[in-house]
2 protein chains.
Amino acid sequence: MTAEAKPASPPLTERQEARRRRILHASAQLAGRGGFEAVQMREVAEEAGVALGTLYRYFPSKIHLLVATMQDQLQHMHTTLHKHPPAGQDPAQRVADTLMRAFRALQREPHLADAMVRALTFADRSVSPEVDTVSRITTAIILDAMGLEHPTPEQLSAVRVIEHTWHSALITWLSGRASIAQVKIDIGTVCRLIDVTKPTEAP
Amino acid sequence: MTAEAKPASPPLTERQEARRRRILHASAQLAGRGGFEAVQMREVAEEAGVALGTLYRYFPSKIHLLVATMQDQLQHMHTTLHKHPPAGQDPAQRVADTLMRAFRALQREPHLADAMVRALTFADRSVSPEVDTVSRITTAIILDAMGLEHPTPEQLSAVRVIEHTWHSALITWLSGRASIAQVKIDIGTVCRLIDVTKPTEAP
DNA sequence: CGCTAATCTAGAACAAGTTTCAGACTGGAT
DNA sequence: ATCCAGTCTGAAACTTGTTCTAGATTAGCG
């Protein structure tokens, strides 16, 4: 059940894998400076040493590219979190800790965060599979933090709500409409749902 | 404190007000068919009987235009809700009812919903004031449903989280990644936060 | 009424995402 | 080693959001 990347299509040759990585690297690089708008397809192609048409063969749109970039970054974060799991007492605390940590990571690269999150929420149906992958990784991270083997449907819904809050709070922060403090408060608030949906809650 | 529209700039003449309305109407019309991408600035201008430059004078970008369209629609909804307030017993129930009702309204015009919500979450800093207005109206709607005069900071945070969930859940539905049922469940789930943050909760 | 500043129009021009195409290149099968 | 199919390149073309310009219209004012 580990959420890995490519289930479909022909396996890539070494050179192709290298190209793909160069593209993703260029994307993250450009995003790290100016954010969403700074990721211009022509520039990504040039920086990755690849023709424009090739870029589009690998990633059929700018949104696809940025969502893939996010997948990449999330994988890193997931791996890192496995090595240093949150230490809190109860599940709600651990989830909040984890999200705060992720939030701090994003604060270090606000432009990159901007590009990735904007792409993620702007994605239309044609990007659903990729966005879904991102969502699955995020869910896995949260469930890991909760330490649950077999979450109840109720708990899964709570996790979904946490994800909703996480994404939307990030957006309000990125667009300058909410402060860092407010985002932290909102994360803390939504994590209470974990306690509310504890299976031991009902008589 | 009623969230009205235009606090700034010179008051518009009658013809100008009419133009503005024609533009918003054309925008909603086109959005109602093909969604976000169907709202093309040239078409909006033509349908509204206005030059492209004029359209841009009234709304400095497509995002501004669609966010303004959303403001407009939300005002309607707010007014309607005042006439037929939710009838539930407790605040959480009333808020859930209200959001479900709004959700049903959006389901009737999924393309319009798509255009408005995508614009809202894609908006960058240059649209912050307008997005903030939308947010204030939404908050007002939720607070009305709760029936609170002086919400505590905790409750305001819960309302923010509800809004986050509302927007993000809409996005997952619009992009076909969540079913209507799932959105309803998530709304119900997040509304539990209202009970958790009742002031009578603490000793 | 006649003037002036602001606004509006029509249309060209520009920017960035996306598509297309002809030709060069690569990898694998015979 | 040769050939085929698929891939990559470079460049142009197309689309749609956005900007700009020159000339007509309009609104407000003396």
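Sequence lines set the chain letters: A, B, ... in the order given, protein chains first and strands last, and positions in each chain run from 1.
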Legend entry - DNA chain C: 5'-proximal contact among A/Arg15 and A/Glu37 (nearest heavy atom): A/Glu37
Legend entry - Separation of atom CG in A/Leu66 from atom C1' in C/dT18, rounded to whole Å: 15 Å
Inset, instruction - Ignoring the backbone of A/Val50, work out which of D/dG28, D/dT9, C/dT19 is nearest its side chain. - result: D/dT9
Legend entry - Exam field: side chain A/Thr133 to backbone A/Pro129, donor-acceptor pair closer than 3.5 Å: yes
Legend entry - Integer-rounded Å distance: D/dG17 C1' and B/Glu43 CD: 13 Å
Legend entry - Over 12 non-hydrogen atoms of neighbours within 6.0 angstrom of CZ in B/Arg21: no
Legend entry - Rounded interatomic separation in angstrom, taking CZ from A/Arg42 and C1' from D/dA13: 11 Å
Inset, instruction - Send over the distance from A/Glu46 CD to D/dA11 C1', rounded to a whole Å. - result: 14 Å
Legend entry - A/Gln107 atom CD, neighbour heavy-atom count above 12 within 6.0 Å: yes
Inset, instruction - Report the nucleotide, chosen from D/dT18, C/dA10, D/dT9, that has the shortest atom-to-atom distance to any side-chain atom of A/Ala51. - result: D/dT9
Inset, instruction - Between C/dA13, D/dT19, C/dA16, spot the one nearest the side chain of A/Gln40, thanks. - result: C/dA16
Legend entry - Close residues, residues 54-65 of chain B, relative to DNA chain C [heavy-atom separation under 4.0 Å]: B/Thr54, B/Arg57, B/Tyr58
Inset, instruction - In sequence, state the C-alpha distance, the side-chain angles, and the governing distance for A/Asp97 and A/Arg101, and then conclude on salt bridge (charged side-chain N to carboxylate O under 4.0 Å, His left out). - result: CA-CA 6 Å; A/Asp97 283 356; A/Arg101 208 194 293 182; over 6 Å; no
Inset, instruction - May I have the distance from A/Leu52 (atom CG) to C/dT18 (atom C1'), rounded to whole angstrom? - result: 8 Å
Legend entry - A/His25 NE2: over 12 foreign heavy atoms closer than 6.0 Å: no
Inset, instruction - Tell me yes or no: between the side chains of B/Glu163 and B/Thr139, is some donor less than 3.5 Å from an acceptor? - result: yes
Inset, instruction - Please report, rounded to the nearest Å, how far the P atom of D/dG17 is from the CZ atom of B/Phe122. - result: 12 Å
Inset, instruction - Start with the C-alpha gap between B/Arg192 and A/Glu154, add the side-chain angles, then the distance that decides, and say whether salt bridge (charged side-chain N to carboxylate O under 4.0 Å, His left out) holds. - result: CA-CA 12 Å; B/Arg192 293 204 197 175; A/Glu154 254 195 331; 2.3 Å; yes
Inset, instruction - Could you tell me the separation between the CZ atom of B/Arg22 and the C1' atom of C/dT9, rounded to a whole number of Å? - result: 13 Å
Inset, instruction - With heavy atoms under 4.0 Å as the rule, sort B/Val39 into base, sugar-phosphate or nothing. - result: sugar-phosphate
Inset, instruction - Let me know the distance between CD of B/Glu17 and P of C/dC8, rounded to the nearest Å. - result: 12 Å
Legend entry - Upstream residue (5' side of DNA chain D) when B/Phe36 and B/Arg19 are each assigned their closest nucleotide: B/Phe36
Legend entry - Options C/dT18, D/dG17, D/dG10, nucleotide nearest the side-chain atoms of A/Met41: C/dT18
Legend entry - B/Gln16 side chain near C/dC8 phosphate (N/O to OP1/OP2, under 4.0 Å): yes
